[in-house]
Structure formats: structure tokens, C-alpha cells
Protein chains: 2
Amino acid sequence: METRRSRVLDLAVLGHLAEAPMHGYELRKRLDRELGLLRAFSYGSLYPRLRAMRCGGLVEADGDRPAAGRRPRIVYRLTDDGRAALLRLLSDSAPAESDDECFGVHFTLFGRTRLEVRMRILSGRRHRLAQRLDALHQALGRLDGRGDPYTHELHRHRAEALRREIDWLDGLIERERRCAEPGGPAGPPR
Amino acid sequence: METRRSRVLDLAVLGHLAEAPMHGYELRKRLDRELGLLRAFSYGSLYPRLRAMRCGGLVEADGDRPAAGRRPRIVYRLTDDGRAALLRLLSDSAPAESDDECFGVHFTLFGRTRLEVRMRILSGRRHRLAQRLDALHQALGRLDGRGDPYTHELHRHRAEALRREIDWLDGLIERERRCAEPGGPAGPPR
DNA sequence: GTTAGCATGTAAGGAGTTACATGATTTT
DNA sequence: AAAATCATGTAACTCCTTACATGCTAAC
């Protein structure tokens, strides 16, 4: 069995440590703030993962030194291996376990990503959503006539939401494409 | 620690068994079809849960008898206790662990629910979504200026999606309300 | 006769949560 | 002096998935 670890957490942790070294508590606060309900992580998952990353050489613990009068806290910083791992995660547009969350975290880190990678992520996501929409339409077809109206209405509404999400992605892709054009890279959205 | 079991599965299983007695394989097929990607359940979760429900007296196994030439299969049917449990689950508009899925499954079963209960579920859901939207807006506010544009765009988009979802709920609530009016119960959506 | 679908299950393990345990520091 | 917040961690538990094990029946 291929042990494929959660990715969302790794992505979030490595991505934020890339910005600046941090200790666990601080990291969690940031994630809480920036992920905006997209995903919350508990200490029970964060701390053990940070340790595991340390063992795996992805991060270094920057001294258990009490740092001038403060109580001891463990400041983690990315190693080169960690940075490499982050790049790998960032440029991987694979299906992913929990696509919605995973894409969200990914997107949150777009500021530190190359255009080519962004494009890959965006169109990968678009493709998967399109598949979902397809499947939903098929399900709606099978249900038609012989289904209860509430179920039908639910799926209809979900299809609409999916459609809108895809349109949003198309807009983003278009914008990125314009960025790549001779006119010059104008920068991120808005 | 308050042992609060998953609910989504219970709801789905009991809800579908209420419609007709069924064996596990069949149940799974139906769930797969009707939940339309909202939620998939594996045999690894279904079969053990059916057993547990049997032990708990929520369902009865209708004979291990091979049923005329067919290979033996275990047909489960709701007991009175199971029916009561289902009603309890159905009329519980509580926060719920995984609100999106839980609401979806709930909604799928609206056909067999009293108006009063439907209203409670719908407005409960609406309330929680409104809270989420609020929190998102606050997060957007905190991020404003000092946040990266991609993160901002993501949250903006999510807020929009939330808004739409709430509007949808408002529409449904309105329709249900009309159902309750003197004009007479006209029936489900559309 | 072999593939595909019906049908039921178990074992191992992944991912994360909650609740607990502990203690320092800052604010009220 | 108490309460809030900073800070790190662990143990137990939940819930579910994957992969395996097994065997029947229908269709091709």
C-alpha cells in the first residue's frame, strides 16, 4: 500500500514555514487566520507533524534556547530538503484525497509559485470539477422522473454551484494566461 | 467524552432502510446513486455499521435464508427502535460534525419529513452558513491590505458561494412557508 | 471457461480530533 | 489573586479507507 500522507497539512506547514521560521503555536494561529475556515488544524495534529518533519529532515528546530527571558519555544525553519519537498508538493497537480481543501491551501500559496505551476494546478482542478459535474449530470439523468423532488433539487443546486466554480477557475486561468503574454506579467488577480 | 457517532452514515442507512428492507450491497448501490458524489460509503464502513445497528436493535436481519436458489444475503429492516432513532436524527437540526454532508443527506430524506422538521433543518443550516459567512468577512477584513492577493481572491470567491447557498436556502424556506399557508400544502419544490 | 457482477466480510492503518496534563507569562 | 493567553505535548479514540479473503451466479 502506497503510504500517501495527507498533503494538506504538509503543504500548509511547509508553505508557511517558507515564509518565515515559526514555532507551532504561532503557526497554528496563522493557519487559522489565513485559511479562513477552509481548514482548521489542531495542536494534536500540528505538533506531532512538526516533530515528524524534523526527524525527516524537512525542518530544523532552531534552538531550544529560551530566547532572552521568554519561556522556551521551538522555532522551526525549513531546510533545503524541506524547501525541495514544498516545491514538489506545490507543483503536483494530482487528484488529491480531499480536493477542495487541498486546492484551497494550494491556492493560498500561489504567491510563491511559478506561473507554469499555477496553470497546472488551476487546469487540473478545473478538469476534476468538470468530471464531477459530468457525473452529477449523469446522476441527475438517472434520477429523472423516478427520483424524489428534494433530491433532484439538491443535485440541481449542486450542479449550479459546480458550474460557477468552474467559471471562476476559467476566469483565473484567463487572467494568468494574459500574465504570460507579451504585454508582460502584470501580477496576481485584481 | 461524549461519544457522538457519525450521524451521516446512520442517517443515510436508516433513512434508506425506512423506504424498504435491503441488504448491504443493494444499500450501497442506492446510496452511491442517490447521493451523487455528495458522499460515498465503502463496504468497510457499511457492513460493520449494519451489524452494530443490529446489535443495538435498530435493525433486524431478515433471515439468513437463501431465498429460493439465490445465494444467502442478509436483508435488514428497520425495527421500531430504528424508526424512532431515525426520527430523532431527522428532527435534529444540531450543528453536526460535517455540516455540508450531513445537511445533504438530511435534505435527501426530506420527502419523508414533516414540514415543521424541514423548516427547523433549513433554518438551522441557514443560520450556520450565515455564521460562516460572517467569520469569512471578518477574516477578509483582517487580511485586507496586508494579505496576499490570491488568498484574498479565494476568500472573496468563497464568500460569494456562501452567499448564493444562503439565498438558495432562503428560497427553499420561502417555498416551504407557502406550503404551510392556507392555500394548502402544494408539495415539494418545483 | 472465464470474466463481470453479486454479496459479505475482516485486518491494518491513516488522519485527525478531543481531552488531558503542565507550566510560564501577561493582563485585569 | 485570578483569568486569559502563550506554549508544548500525549493518549485514547473515532471514523473511515484500502486491500485482502471468499465464493456464488450470470453472461459471453
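Just so it is clear, the structure is predicted and the values come from calculations on it, not from any experiment. Just so it is clear: chains get the letters A, B, ... in the order the sequence lines come, proteins before strands, and each one is counted from 1. Hydrogens, waters and symmetry mates are skipped; everything else that's a heavy atom, side chains included, is used.
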A:Arg51, nearest nucleotide to its side chain (from D:dT10, C:dT10, C:dA7): D:dT10
From C:dG9, D:dT17, D:dG9, nucleotide with atom closest to A:Ile74 side chain: D:dG9
Given D:dT8, C:dT8, C:dG16, the nucleotide with the shortest approach to the side chain of A:Arg49: C:dG16
Which nucleotide in C:dT17, C:dC6, D:dT8 has an atom nearest any side-chain atom of A:Arg39: C:dT17
Closest contact, heavy atoms only, B:Leu46 versus B:Gly24: CD1-O, 4.2 Å
Spacing between A:Phe41 atom CZ and C:dT18 atom P, to the nearest angstrom: 14 Å
Residue whose nearest DNA chain C nucleotide is more 5′ - A:Gly44 or B:Glu26: B:Glu26
Whole-Å distance separating the OH atom of A:Tyr47 from the C1' atom of D:dA7: 5 Å
Selection from D:dC6, C:dG9, D:dT8 that lies nearest to any side-chain heavy atom of A:Tyr43: D:dT8
Atom-to-atom span, CG of A:Leu11 to C1' of C:dA15 - whole angstrom: 16 Å
Minimum-distance nucleotide to B:Ser42 side chain [options: C:dG16, C:dG9, D:dT18]: D:dT18
Distance, rounded to the nearest Å, where A:His23 contributes NE2 and C:dA24 contributes P: 17 Å
Check ion pair B:Asp100-B:Arg125 (N to O, under 4.0 angstrom): yes
Nearest-angstrom distance from the residue atom CZ of A:Arg73 to P of C:dT25: 12 Å
Length of the CG-P vector between B:Leu9 and D:dC15, whole Å: 10 Å
Short side-chain N/O contact from B:Ser45 to OP1 or OP2 of D:dC15, under 4.0 Å: no
Would you tabulate the pairs of protein nitrogen or oxygen atoms and nucleotide nitrogen or oxygen atoms of nucleotides 3-5 of chain D closer than 3.5 angstrom?
none

Rounded interatomic separation in angstrom, taking NZ from B:Lys29 and C1' from C:dT8: 15 Å
Spacing of B:Asp32 atom CG relative to C:dC6 atom C1', expressed in whole Å: 15 Å
Residue that, paired with A:Tyr25, satisfies ring pair (Phe, Tyr, Trp, His ring centres under 6.0 Å) out of A:Tyr76, A:Tyr43, A:Tyr47: A:Tyr43
Pairwise side-chain contact, A:Leu122 with A:Phe103, heavy-atom cut-off 4.5 Å (strictly under): yes
For the student: nearest non-hydrogen atoms of B:Val59 and B:Leu17, plus distance: CG1-CD1, 3.7 Å
Beyond-backbone contact of B:His155 with B:His137, side-chain heavy atoms, under 4.5 angstrom: no
Exercise: identify the closest heavy-atom pair between A:Leu90 and A:Ile121: O-CD1, 3.3 Å
